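Notes for the one structure printed next.
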Amino acid sequence: MAALVLEAGRLLLVEEDVRGELVINQPAGHLEPEESLVDAMVRECREETGWTVEPTGLVGVYQWIDPETRRQYLRVAFAARPLEHDAGAPLDAGILRPLWLTPEELRACRGRHRSPLVMRAAQDFLDGCSFPLSATHWLA
């Protein structure tokens, strides 16, 4: 799950250390047991940035295969609005810091993106792609 958050013309991102390489990514992560997709996005955003967010829509579902490792990735990207920030919150292991970048700054550092999923989801979000949260269903 990935969070796409825009505030004052800047996108919320993270700088993270992935196997010794500093990369840029959206706040994103995996599902925990008995957790909905939306709840996972909210939790991951808080754990990686200290920001509490409110989900506003589903941006898209993205699939990518890393050409080097052949590992497959599935990203479910949600739009969210920022509510409050806890600057003292500990961040997940590997996360160096949250970043607020303009779309131009994000495009300019494309070589540092964790994967092509970062720019594709961000561009769809910036282009206004949004489906209602009711497009996701959790049959718990």
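Note that the numbering runs from 1 along the sequence shown for the chain. The model shown is predicted, which means the values in this text are computed figures rather than measured ones.
When side chains are defined from C-beta on, Asp92 counts as touching Glu44, because their heavy atoms get closer than 4.5 Å. Side-chain contact between His113 and Arg110 is present, with at least one heavy-atom pair separated by less than 4.5 Å. With contacts defined as side-chain heavy-atom distances shorter than 4.5 Å, the pair Leu91/Pro98 qualifies. In this structure, Val5 and Phe125 have side chains that are not in contact, with every pair of non-hydrogen atoms separated by 4.5 Å or more. Ser115 places none of its side-chain heavy atoms less than 4.5 Å from the side chain of Asp66. Side-chain contact between Tyr73 and Ile65: absent, with no pair of heavy atoms (C-beta onward) separated by less than 4.5 Å. Arg75 is listed as a side-chain neighbour of Val118, based on a closest heavy-atom distance under 4.5 Å.
Both Phe78 and Phe131 belong to a single network of hydrophobic side chains, linked directly or stepwise wherever heavy atoms of I, L, V, M, F, W or Y lie under 4.5 Å apart. Hydrophobic clustering (side-chain heavy atoms under 4.5 Å, transitive across Ile, Leu, Val, Met, Phe, Trp, Tyr) keeps Trp64 apart from Val61. When the side chains of ILVMFWY residues are joined at heavy-atom separations under 4.5 Å, either directly or via intervening members, Val38 and Leu31 end up in a single hydrophobic cluster. Leu101 and Val18 sit in two unconnected hydrophobic clusters of ILVMFWY residues. Membership requires side-chain heavy atoms under 4.5 Å apart, directly or through other members. The cluster map of Ile, Leu, Val, Met, Phe, Trp and Tyr, joined by side-chain heavy atoms under 4.5 Å apart, puts Val23 and Leu117 in different clusters.
Across every non-hydrogen atom of Tyr62 and Arg120, the tightest pair is CE2-CG, 3.7 Å. For the pair Val53 and Pro55, the tightest heavy-atom approach, listed with the atom from each and the gap, is O-CD, 3.9 Å. For Cys45 against Pro27, the heavy-atom pair with the smallest separation is CA-CB, 3.9 Å. Here the closest heavy-atom approach between residue Pro103 and residue Gly9 is recorded as CD-O, 3.4 Å. Smallest separation of non-hydrogen atoms from Ala135 and Leu58: CB-CD2, 4.1 Å.
Arg114 and Gln26 share no side-chain donor-acceptor pair at under 3.5 Å.
The distance from the SG atom of Cys109 to the CG atom of Leu99 is 8.0 Å, given to the nearest 0.5 Å. Once rounded to the nearest 0.5 Å, the distance linking OG1 of Thr49 with CD1 of Ile95 reads 9.0 Å. Between atom CZ of residue Arg112 and atom CG of residue Leu106 there is a gap of 11.0 Å, rounded to the nearest 0.5 Å. Rounding to the nearest 0.5 angstrom, the gap separating the CG atom in Leu37 from the NE2 atom in His137 is 11.0 Å. Between atom CE of residue Met1 and atom CZ of residue Arg43 there is a gap of 8.5 Å, rounded to the nearest 0.5 Å. Going from atom CG of Leu6 over to atom CZ of Arg81 covers 13.0 Å, rounded to the nearest 0.5 Å.
Other residues, nucleotides and ligands place no more than 12 heavy atoms under 6.0 Å from the CD atom of Glu34.
Looking at residues two or more places apart in sequence or on another chain, you find no side-chain hydrogen bond (donor to acceptor under 3.5 Å, both in side chains) involving Glu7.
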Stepwise side-chain contact (heavy atoms from CB on, under 4.5 Å) test for Leu12 and Trp100: CA-CA 5 Å; Leu12 179 60; Trp100 288 95; 3.7 Å; yes
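Judged by distance alone, the side chain of Glu15 and the main-chain N or O of Leu22 form no donor-acceptor pair under 3.5 Å.
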